[in-house]
Participant: 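Take a look at the following structure, please.
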There are 2 protein chains.
Amino acid sequence: MKEQFKLDNQLCFRLYTASRLLTQAYHPLLSEHGLTYPQYLVLMVLWEKDAQPVNDIAKRLMLETNTVTPLLKRMELQGILTRSKGSADARQVIITLTEKGQNLQNLLADVPMKVGSAVICKSVTSDTVPALFGMLDDIIAKLDN
Amino acid sequence: MKEQFKLDNQLCFRLYTASRLLTQAYHPLLSEHGLTYPQYLVLMVLWEKDAQPVNDIAKRLMLETNTVTPLLKRMELQGILTRSKGSADARQVIITLTEKGQNLQNLLADVPMKVGSAVICKSVTSDTVPALFGMLDDIIAKLDN
DNA sequence: TCTATTTATATCGTTTGCGATACAAAATTA
DNA sequence: TAATTTTGTATCGCAAACGATATAAATAGA
């Protein structure tokens with residue numbers, strides 16, 4: 001058995017597992033409001049800057065539009081946002097938060113701290129998080145084509 | 001806009017993105033052999049120790065059996081592994097690699113290095129990877145219930 | 001032993017994620 | 001201007017993930 005194939009030597013498996021488990025930690029907090037984690041990501045994008053075309057949201061999340069489009073349609077059905085034709089460019093679909101979508105920011109106010117405290121451990125503290133962020137950002141930048 | 005909701009402050013989004021992009025880096029190397037990344041994970045588990053029940057594979061990958069069962073069935077259809085009733089415990093389904101499944105270890109021999117070299121960057125080197133592994137392992141351990 | 005509970009898998013339904021493709025609007029070029 | 005290419009979004013199909021639930025086999029308790 002080649003050393004390179006050992007599961008314990010895999011960076012990708014660690015990222016994949018950490019990502020899944022941390023997303024699962026969000027689940028009870030988000031499902032309470034009918035949201036999924038990717039939908040929560042869309043909300044964070046729109047809270048930062050409302051009224052963006054589909055493409056800008058997809059780029060910010062580094063996802064393809066064929067992932068984001070149906071996701072946004074489900075959020076529209078929930079009354080969280082609206083989809084309207086762009087006036088300057090008729091191909092664009094502009095996504096705008098409804099009042100319900102705006103209000104979710106208040107309803108979810110305690111989510112970041114609750115999840116954050118679930119992750120703090122020996123090697124992951126306020127001191128080491130910047131280094132971790134730096135490494136993950138470098139990996140993402142290196143793989144972003 | 002609350003600071004905690006900024007996308008740039010999110011650990012989970014970074015893990016989610018790094019995981020997706022790194023998995024995408026495996027895609028051309030694996031699809032060449034008709035494999036997906038989760039199927040490659042199953043192969044690594046079985047190369048380490050063949051003839052395991054579904055549950056042990058799921059536990060090793062920290063996945064639920066309802067994820068692993070259909071995945072294994074697709075791999076069985078491809079002739080990569082076989083599913084047989086356990087002799088000691090008739091509830092168990094024992095997963096065993098076929099010769100094709102064994103041989104994939106040789107065909108995929110260069111995958112770890114190819115992907116590994118795609119990730120090496122300023123802050124992620126052979127010196128810093130142990131620290132990164134440690135932090136990810138701690139996060140996983142903290143979230144593993 | 002007989003019943004109740006636990007365990008190992010599987011099935012079902014929904015949401016992602018993404019490659020491939022389609023299509024109309026805009027931009028570019030001839 | 002007419003033809004071509006590019007761009008923004010959407011549709012389709014398939015493979016994960018996972019919560020909820022089902023089912024049969026094994027185990028524990030009465």
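Note on naming: letters A, B, ... go to the chains in the order of the sequence lines (proteins, then strands), and numbering restarts at 1 for each one. What you see is a predicted model, and the numbers here were worked out from it, not measured in a lab.
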Participant: Sorted by first residue and then second, give each salt bridge (charged side-chain N to carboxylate O under 4.0 Å, His left out) pair with at least one member in residues 121-130 of chain B; sequence neighbours left out.
Facilitator: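 Sorted pair list comes back empty.
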Participant: Over its full length, what angle do the end axes of the helix from C:dT1-D:dA30 to C:dA30-D:dT1 make, each axis taken from five pairs and the result rounded to 10 degrees?
Facilitator: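 One end's axis against the other's: 10°.
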Participant: Between atom OG1 of B:T128 and atom CG of A:D138, what is the distance when rounded to the nearest 0.5 Å?
Facilitator: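 Rounded to the nearest 0.5 Å, the OG1-CG separation comes to 9.0 Å.
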Participant: Counting just side-chain N and O atoms, does B:R83 come under 4.0 Å of either OP1 or OP2 of C:dA10?
Facilitator: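 It does, given that an N or O in the side chain of B:R83 lies less than 4.0 Å from OP1 or OP2 of C:dA10.
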Participant: Which part of the nucleic acid does B:K73 contact within heavy-atom distance under 4.0 Å: base, sugar-phosphate only, or nothing?
Facilitator: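 Since only primed, P, OP1 and OP2 atoms lie under 4.0 Å of B:K73, the category is sugar-phosphate.
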Participant: Among all residues two or more places apart in sequence or in another chain, which pass the side chain to side chain donor-acceptor pair (under 3.5 Å) test with B:S84?
Facilitator: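 With neighbours one apart ignored, the set is empty.
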Participant: What I'd like to find out is whether the side chain of B:Q105 reaches to under 4.5 Å of the side chain of A:M1, using heavy atoms alone.
Facilitator: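 Side-chain contact under 4.5 Å: yes.
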Participant: With sequence neighbours excluded, what pairs up with B:D50 under the side chain to side chain donor-acceptor pair (under 3.5 Å) test?
Facilitator: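 Scan of B:D50 (side chain to side chain donor-acceptor pair (under 3.5 Å), adjacent residues dropped) gives B:Q102.
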Participant: For B:K114, give me all partners under side chain to side chain donor-acceptor pair (under 3.5 Å), at least two apart in sequence or on another chain.
Facilitator: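 B:K114 satisfies side chain to side chain donor-acceptor pair (under 3.5 Å) with B:D110 once adjacent residues are dropped.
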Participant: Chain B on DNA chain D: first and last contacting nucleotide, 5' to 3', under 4.0 Å to a heavy atom?
Facilitator: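 Terminal contacting nucleotides, 5' to 3': D:dA15 to D:dA26.
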Participant: Would you mind writing out the side-chain donor-acceptor pairs for residues 64-73 of chain B within the sub-3.5 Å range, not counting sequence neighbours?
Facilitator:
{"from": "B:T69", "atom 1": "OG1", "to": "B:T65", "atom 2": "O", "distance (Å)": "3.0"}

Participant: Classify the ring geometry of B:Y40 against B:W47: parallel below 30°, tilted from 30° to 60°, perpendicular beyond 60°.
Facilitator: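 B:Y40 vs B:W47 ring planes: perpendicular.
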Participant: Answer yes or no: is there a donor N or O on one side and an acceptor on the other, between the side chain of B:K142 and the main chain of A:I120, under 3.5 Å?
Facilitator: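 Such a contact is found between B:K142 side chain and A:I120 backbone.
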Participant: Per the side-chain contact (heavy atoms from CB on, under 4.5 Å) rule, which among A:I139, A:N145, A:I140 passes with A:L143?
Facilitator: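 With A:L143 as partner, side-chain contact (heavy atoms from CB on, under 4.5 Å) holds for just one option, A:I139.
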Participant: Does A:Q4 offer a backbone N or O that forms a donor-acceptor pair with the side chain of A:Q10 under 3.5 Å?
Facilitator: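 Yes; judged by distance alone, with no hydrogens or angles, the pair exists.
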Participant: What residues from residues 54-70 of chain A pass a heavy-atom cutoff of under 4.0 Å to DNA chain C?
Facilitator: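 The answer is A:L63, A:N66, A:T67.
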Participant: Applying side chain to side chain donor-acceptor pair (under 3.5 Å), name anything that partners A:E76, two or more places apart in sequence or on another chain.
Facilitator: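 Side chain to side chain donor-acceptor pair (under 3.5 Å) check on A:E76 returns A:R83.
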Participant: Scan for salt bridge (charged side-chain N to carboxylate O under 4.0 Å, His left out) pairs involving residues 16-37 of chain B, sequence neighbours excluded, and state none if there are none.
Facilitator: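 Checked against salt bridge (charged side-chain N to carboxylate O under 4.0 Å, His left out) - neighbours excluded - no pair reaches residues 16-37 of chain B.
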Participant: Could you check which residues of residues 14-42 of chain B get a heavy atom under 4.0 Å from DNA chain C? Sort them by number, please.
Facilitator: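 Within this stretch, B:Y16, B:R20, B:Q24, B:H27 sit under 4.0 Å of the strand.
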Participant: Can you tabulate the close N/O pairs, meaning under 3.5 Å, that link protein atoms to atoms of nucleotides 23-25 of chain C?
Facilitator:
{"from": "C:dA25", "atom 1": "N3", "to": "A:R91", "atom 2": "NH1", "distance (Å)": "3.4"}

Participant: Do A:K6 and A:D8 meet the salt-bridge criterion of a basic N to acidic O distance under 4.0 Å?
Facilitator: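 Result for this pair is no, no salt bridge flagged.
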Participant: So B:L61 and A:L7, do their side chains get closer than 4.5 Å, heavy atoms only?
Facilitator: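 A side-chain contact under 4.5 Å exists here.
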